[in-house]
**Q** 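The following block contains the structure, expressed as structure tokens.
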Amino acid sequence: MAILTVQQLTKVYEGKQTYRALDRVSFAMDQGEFVGIMGPSGSGKTTLLNMVSTMNQPTSGEVWLNGENVSLISQKDIEQFRRQHLGFVFQHFALLDTLTVEENILLPLILDGKPIDEMKRQLHNIATRLDIQTLLQKQIDDLSGGQKQRTAIARAIIHSPTLLLADEPTGNLDSKSTKDVLEVLLDLNRERATSILMVSHDPLVASYCDRVLFMKDGQLYNELYQGEDREAFFRKLLDMLALLGGDRRDFLSVYLPKHDS
Amino acid sequence: MTFFQFIYRNMIRNLRIYVAYFLSSMISVMIFFIYTLFVFHPQMDRGVVIENTIQGMIAANLIHYLFAFFYVAYSIGALLQARRKEISILFMHGMTSKQFRQMVLVENTLIGSSAIVVGISCGLVTGKLFLMAGAAIMHIPPLSFYFPWQAIGITIILFILLFLLLSWTTPFFAHRGQMALLEQRKRDETSRISIFLSLFSVTLLCSSYYLTLTTTKFTVFIRFFPVVIMMILGSYFFFTQGIIWLMKFIKKAKGIFWRKINVIVISSLVIRLRENARHLFLATMVFTVGFCTLGIFASTNVLNKQFQLDYPIAVGYVAKNKQANHQKNLGLIKNELSMKGIHYTTASTVIKYIEVASKEIPIIAFSEYKTLSSKSGFRFREEPLGIYEAMGLLTSQLDQYPKQETYKIKKSNVELNQSKTGQHVVIPWRLLQSQGLIVSDELFKQLPATHTEVFTGFYSEKYIKTIGIGNSLAKEGRVMPSDHKNYAMVVSGTLLQNQIRLYRMIFFITLLTTIVFFIAAGSILYFRLYADLVAESKRFTIVSTIGYTERDRNQAITWQLGVLFLLPIGVATLHSLVAFVALQNYFALSIAVEMAIVIISFWIAHIVFFLLIRYRYLWNLKKQNKQSRREIHGELDY
Ligand SMILES: Nc1ncnc2c1ncn2[C@@H]1O[C@H](COP(=O)(O)OP(=O)(O)O)[C@@H](O)[C@H]1O
Ligand SMILES: [Mg+2]
């Protein structure tokens, strides 16, 4: 059954120059699927994710999540909807520096007014799964990039959302942390059957997805399935990216040493 | 680009974080300048206000300067703290300590000089208003506006000194923290909160409250300073430790802490309270002093009635010997009274001085005390004295006599037993400058006197009209024994008028300071928060992805701002209420109404101010939010 259906989604940014960031994008995603989105920068990936996440309104087209038409949900209920069905992971972690790791992870449950016992139980489960038990009492500023992202993932899934949205979750990480985070995502997808929609620049990361959608100039350009062999899939992705052209720098970054974090 | 250009541009770009520092400096300059404007007003020393008023104002001025000193020092510290990250980056890129000192100096010079210029200008503009208002409140002829070279000079010199000294010393203090600056700041500073100090602060506050509430007229002088010091220390540790410890304690109670916005509000509050602890402490102290002072001096009616209890006579005259000028003086007073159309009656009594131990004390006879009391219009209800019994002679409502005391009189074997105190003042303190006794009529006749004086009182209903009577004899309404004339004299009307002026002056100045400080404290707090607006807005954008609504956000902000803004005035109110109970001891009449009016007015003003600031803060946050959303959700700006 399709958990997410996107139909003819179009977004036009009005401004000094109107800009068509999304152009009639349609696709569907099944329960438990791990879907990647790739494409040159500026191709509309983030815009697409923001439409799906209800953070921004499409100009036309529909987003159906878990059988509900998202654009018909009233402004009043949208927060409730978001926190029941969606989890977010961002490139820059988006953690609260005023809170500890534990408090950050618990935020969605706190907001839902869950009983303390349940919160503690969930926290324990998640922390064990993501291997961050020892970090729980730490301040955000004391964590490494990988630890931050794992914390962010823990927060995004603690309330078992229908869909986990990740916008370049490894964009700010070194290769070791990238691997850690990727493993966590895969584990969640395999063991808990969490559906994940992830934007990534990194073909290596994307090669772990069941399926990768390619975007160009706001349109869906192509899609590739993993099939049997991940290595082969990785090479297919590289070929596809070369074909897409656009800004080569985006992809080259994979082979160059990272500067940040 | 030279280093100076770099500093200058850096400041212009980060204006937001310099605003609080500039404001606190500017306001310090302004208050000081306005004070000075008053003190050096040419009309001031030509006798419009009596001498001690001016001395009081000079003292207040000095205190204010000291206060400004600490305040500006603290603000510089806060500024450097806020710029930790930037400074540590500069150090990493090879800034030398010398350059760092230079940078602080240049910045302070720029901000300091603009604070002086703007402060004085604002002071000049408002000075005219203040002079008018001041004169109206003090009921003195309007002071003319003058161009205050003197005041300007003094303000400029003193504040240049202040800024130079501070910019020279602060880098040294900052230097110690430099290595620490290079590391990431640890939010976990809260671990340095000590339970011991927190409990200590609570203990201090509670015991100072207890001591204050149980103070009597007799213990107040011993207790005053220790209790004030306890209260100050207690408040200091309360704001730097106690309240934060309390928050941490709440954090442990997951049932409360893990509820909706609580987790966000309390976590932020811990950080904000820590950052602003000393500021909040100072605000509390200024409010407390302000409330108490204003409360007392707003009670002029009560104070005037109190005065009448201390000065039941319209004019009082004590002839210290039998020289001829006394008849002439008394005649002169009578003449002037009649000329003003004041009906009066007189009464006089002999005051004997007897030798007790090492000193001489004045005594009067019980029957005379009774006569004078009823002349003064008091209802007399005191029991006659036994032969060797004595009563304390009240010379002011504040007089205190021991509960039980024996006096051995020299050159006779009489022992006097003083076990009670008269209820009324019949001879004011300024005529005796010493405590005395009331003795039985028989004993009065027997006791050997070293010398005798004669007191004459003029009694009248229209007491206040005696302003200016006997000016040739008693300048400013009084000649005291310590003035070494052969008479002592008080003119109640003149004294009362001077007292009223003095009190109004104090009221006015305190009001001025408290209001300016009140606005300053609020604005400075606001700009502190404003400097952190970007980070705060990011936080709220983050929690909105988790599902916090705009309403949740506004609630969280209201709580945070509310605690920060209302905590000082709340604690100050508590302090003042306790102090007020103790102060009431000094007043024969209740000052509750005046006190309540003062405190309630400040609360109303403060709440309005708080709402305004909350509104502005939310507005700015909303504006900032667009930017934050872009950063977090990767939306681009076009
Ligand atoms: N708020 C906005 N206003 C106008 N144009 C925007 C806005 N956000 C994004 N865009 C434009 O839409 C296009 C797609 O942006 P985005 O979805 O962020 O790309 P990606 O995430 O694939 O790099 C870009 O060309 C960008 O310039
Ligand atoms: Mg993007």
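Just so it is clear: chains get the letters A, B, ... in the order the sequence lines come, proteins before strands, and each one is counted from 1.
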**Q** Looking at CZ of A/Arg82 and OG of B/Ser544, how far apart are the two atoms once the value is rounded to the nearest 0.5 Å?
**A**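 OG of B/Ser544 is found 6.5 Å from CZ of A/Arg82.
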
**Q** I need the A/Ile110 CD1 to B/Phe257 CZ distance, nearest 0.5 Å.
**A**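 Here the interatomic distance stands at 7.0 Å.
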
**Q** Counting only non-hydrogen atoms closer than 4.5 Å, does B/Thr541 touch chain A with its backbone (N, CA, C, O), its side chain (CB onward), both, or neither?
**A**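 Looking at B/Thr541, nothing touches chain A.
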
**Q** Quick check on the interface: out of B/Ser268, B/Ser267, B/Ala535, who has the most heavy-atom pairs with chain A under 4.5 Å?
**A**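 Of B/Ser268, B/Ser267, B/Ala535, B/Ser267 has the most heavy-atom pairs under 4.5 Å with chain A.
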
**Q** Which answer fits A/Lys114, side chain, backbone, both or neither, if we ask what part of it has an atom under 4.5 Å from a heavy atom of chain B?
**A**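 Looking at A/Lys114, just its backbone touches chain B.
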
**Q** Is A/Leu95 close to chain B through its backbone or its side chain, or both, or neither, when contacts mean heavy atoms under 4.5 Å?
**A**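 Backbone of A/Leu95 only, per the 4.5 Å heavy-atom cut-off to chain B.
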
**Q** How long is the gap from CG on A/Leu111 to CZ on B/Arg259, to the nearest 0.5 Å?
**A**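 If I round to the nearest 0.5 Å, the distance is 11.0 Å.
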
**Q** Between A/Leu106 and chain B, which part of the residue has a heavy atom less than 4.5 Å away: side chain, backbone, both or neither?
**A**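 Side chain of A/Leu106 only, per the 4.5 Å heavy-atom cut-off to chain B.
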
**Q** Carefully, step by step, assess B/Ile542 and A/Arg155 under the rule side-chain contact (heavy atoms from CB on, under 4.5 Å).
**A** CA-CA 12 Å; B/Ile542 291 171; A/Arg155 187 183 66 189; 3.7 Å; yes

**Q** One pair to check against side-chain contact (heavy atoms from CB on, under 4.5 Å): A/Thr98 and B/Ile264. What are the steps and the verdict?
**A** CA-CA 8 Å; A/Thr98 49; B/Ile264 292 182; 5.9 Å; no

**Q** Starting from the C-alpha separation in whole Å, work towards a yes-or-no answer on side-chain contact (heavy atoms from CB on, under 4.5 Å) for B/Ile546 and A/Phe88.
**A** CA-CA 8 Å; B/Ile546 300 162; A/Phe88 299 91; over 6 Å; no

**Q** At a heavy-atom separation under 4.5 Å, does A/Glu102 approach chain B through its side chain, its backbone, both, or neither?
**A**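 A/Glu102 touches chain B through side-chain heavy atoms alone.
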
**Q** Is the shortest side-chain N to carboxylate O distance from A/Asp97 to B/Lys538 below 4.0 Å?
**A**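 A salt bridge is absent here (no side-chain N lies under 4.0 Å from a carboxylate O).
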
